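Take a look at the structure below.
All residue numbers refer to positions in the sequence shown, counting from 1. It should be emphasised that the depicted structure is a prediction, and the values quoted were computed from it without experimental measurement.
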Amino acid sequence: MQYKRILLKLSGEALMGEKQYGIDPKRLKEYAEEIQTVIESGVEVAVVIGGGNIFRGLAGASNGMDRVQGDHMGMLATVINGLALQSALEDEGIETRLQSAIKINEVAEPFIRRRAIRHLEKGRVVIFGGGTGNPYFTTDSAAVLRAIEINADVILKGTRVDGIYTSDPEKNKDATKFDNITFKDVLNKGLKVMDTTAFTLSQENELPIIVFDMNKPGNLLKVVSGENIGTKVNL
């Protein structure tokens with residue numbers, strides 16, 4: 001395998017599948033099976049999931065809600081998604097631990113770096129919920145932060161498109177895909193990969209990001225194996 005320890009970033013919207021909101025059990029099972037194949041290959045897997053399928057703090061703030069309150073609601077949404085993925089993974093026979101950045105001891109372990117690393121070493125999937133535990137930070141920032149803390153080799157951002165394009169490929173048929181691109185070029189071209197805080201943190205810590213289509217069966221294993229799919233962002 002090209003990578004020994006990965007952090008997989010999934011959006012909350014990805015869990016909706018064909019639904020308009022909430023969690024699609026079919027999509028959840030598909031993701032669990034994808035992760036299972038990677039675990040069976042000996043790769044250590046950590047996961048961060050967004051909460052946009054349930055609640056998005058920024059959207060709440062735009063409708064008059066207090067931003068801090070809204071972000072706290074979004075953090076709880078990521079824990080709900082984490083519990084759902086944990087259940088799906090355990091249905092596949094994969095040992096899983098959910099760690100939360102906010103204290104919810106009845107349903108999740110508190111985030112403790114050394115404990116998380118030990119779980120990974122034992123072959124367990126570790127799901128990080130609750131974002132960073134702070135308002136005004138996205139789950140992209142949480143993903144990069146946790147990846148750095150656990151010494152992950154790469155961040156794999158699973159999306160519904162197969163990489164980074166010159167413009168939105170769903171809106172512009174003439175958009176062209178990058179196979180490889182530098183952090184500097186992403187910023188200079190104004191391409192949207194992650195929010196600026198997360199992206200800069202990844203750049204400063206020399207942590208590569210691969211954006212790929214998570215919805216195509218087998219893609220996760222291909223990326224971890226080093227196949228040239230998706231787009232790799234590196235120095």
Side-chain (T96) to main-chain (V125) donor-acceptor, under 3.5 angstrom: no

Euclidean distance, M75 CE relative to T132 OG1, rounded to 0.5 Å: 6.0 Å

Quick one: closest heavy-atom pair of A142 and G131, and the distance? CB-C, 3.5 Å

Kindly compute the distance separating CG (N151) from CD (E44), expressed to the nearest 0.5 Å. 10.5 Å

Side-chain touch R115/R97, heavy atoms, less than 4.5 angstrom: no

Hydrophobic clustering (ILVMFWY, side-chain heavy atoms < 4.5 Å, transitive) - are Y136 and M194 grouped together? no

If we ignore hydrogens and angles and just use 3.5 Å, is the side chain of D24 paired with the main-chain N or O of L15 as donor and acceptor? no

For the pair D153 (side chain) and K4 (backbone), establish whether a donor and an acceptor sit closer than 3.5 Å, ignoring hydrogens and angles. yes

Atom pair CZ/CD of R113 and Q99 - distance to nearest 0.5 Å: 12.0 Å

Point-to-point distance, once rounded to the nearest 0.5 Å, from OG1 of T37 to CG of L221: 5.0 Å

Show which residues join I150 in its hydrophobic cluster (side-chain heavy-atom contacts under 4.5 Å, direct or indirect), or state none. L7, V48, F111, I117, L120, V126, F128

A side-chain contact here means heavy atoms from C-beta on lying under 4.5 Å apart; do M214 and L220 qualify? yes

Which of these passes side chain to side chain contact (heavy atoms under 4.5 Å, CB included) with V154: N234, I210, I209, L8? I210

Do any pairs count as a side chain to side chain donor-acceptor pair (under 3.5 Å) and have a residue in residues 84-95, sequence neighbours left out, and if so which ones? K29-E92, E95-R124

Would you give the length of the straight line joining atom CD1 of I80 to atom CD1 of I49, rounded to the nearest 0.5 angstrom? 11.5 Å

Side chain to side chain, V211 and T159, heavy atoms closer than 4.5 Å: yes

Same hydrophobic cluster for L207 and L156, using side-chain heavy-atom links shorter than 4.5 Å among ILVMFWY? no

Can you hop from V233 to V161 via hydrophobic side chains spaced under 4.5 Å? no

List for me each residue that meets salt bridge (charged side-chain N to carboxylate O under 4.0 Å, His left out) alongside D140, sequence neighbours excluded, and say none if there are none. K9, K157

Less than 4.5 Å apart, any side-chain heavy atom of R67 and any of P135? no

Check for me, please, whether I6 and V144 land in the same ILVMFWY cluster - side-chain distances under 4.5 Å, paths through other members count. no

Is a side-chain donor or acceptor of R160 paired with a backbone partner of N215 at a separation under 3.5 angstrom? no

Contact summary for G130 and S100, nearest pair of heavy atoms: CA-OG, 4.4 Å

Counting C-beta onward and ignoring hydrogens, is there a side-chain heavy-atom pair between I229 and D162 closer than 4.5 Å? no

Tell me if the CZ atom of F137 is crowded by more than 12 foreign heavy atoms within 6.0 Å. no

Same hydrophobic cluster for L98 and I94, using side-chain heavy-atom links shorter than 4.5 Å among ILVMFWY? yes

List the steps, then state whether side-chain contact (heavy atoms from CB on, under 4.5 Å) holds for F178 with L191. CA-CA 11 Å; F178 298 99; L191 303 175; 3.6 Å; yes

Interatomic distance, S141 atom OG to D195 atom CG [nearest 0.5 angstrom]: 4.0 Å

Donor-acceptor check, side chain of N81 to backbone of G50, threshold 3.5 angstrom: yes or no? yes

Evaluate side-chain contact (heavy atoms from CB on, under 4.5 Å) for V45 paired with V224, printing each intermediate quantity in order. CA-CA 10 Å; V45 181; V224 175; over 6 Å; no

Please report the shortest heavy-atom distance between K19 and P25, naming the atom on each side. CE-CD, 4.1 Å

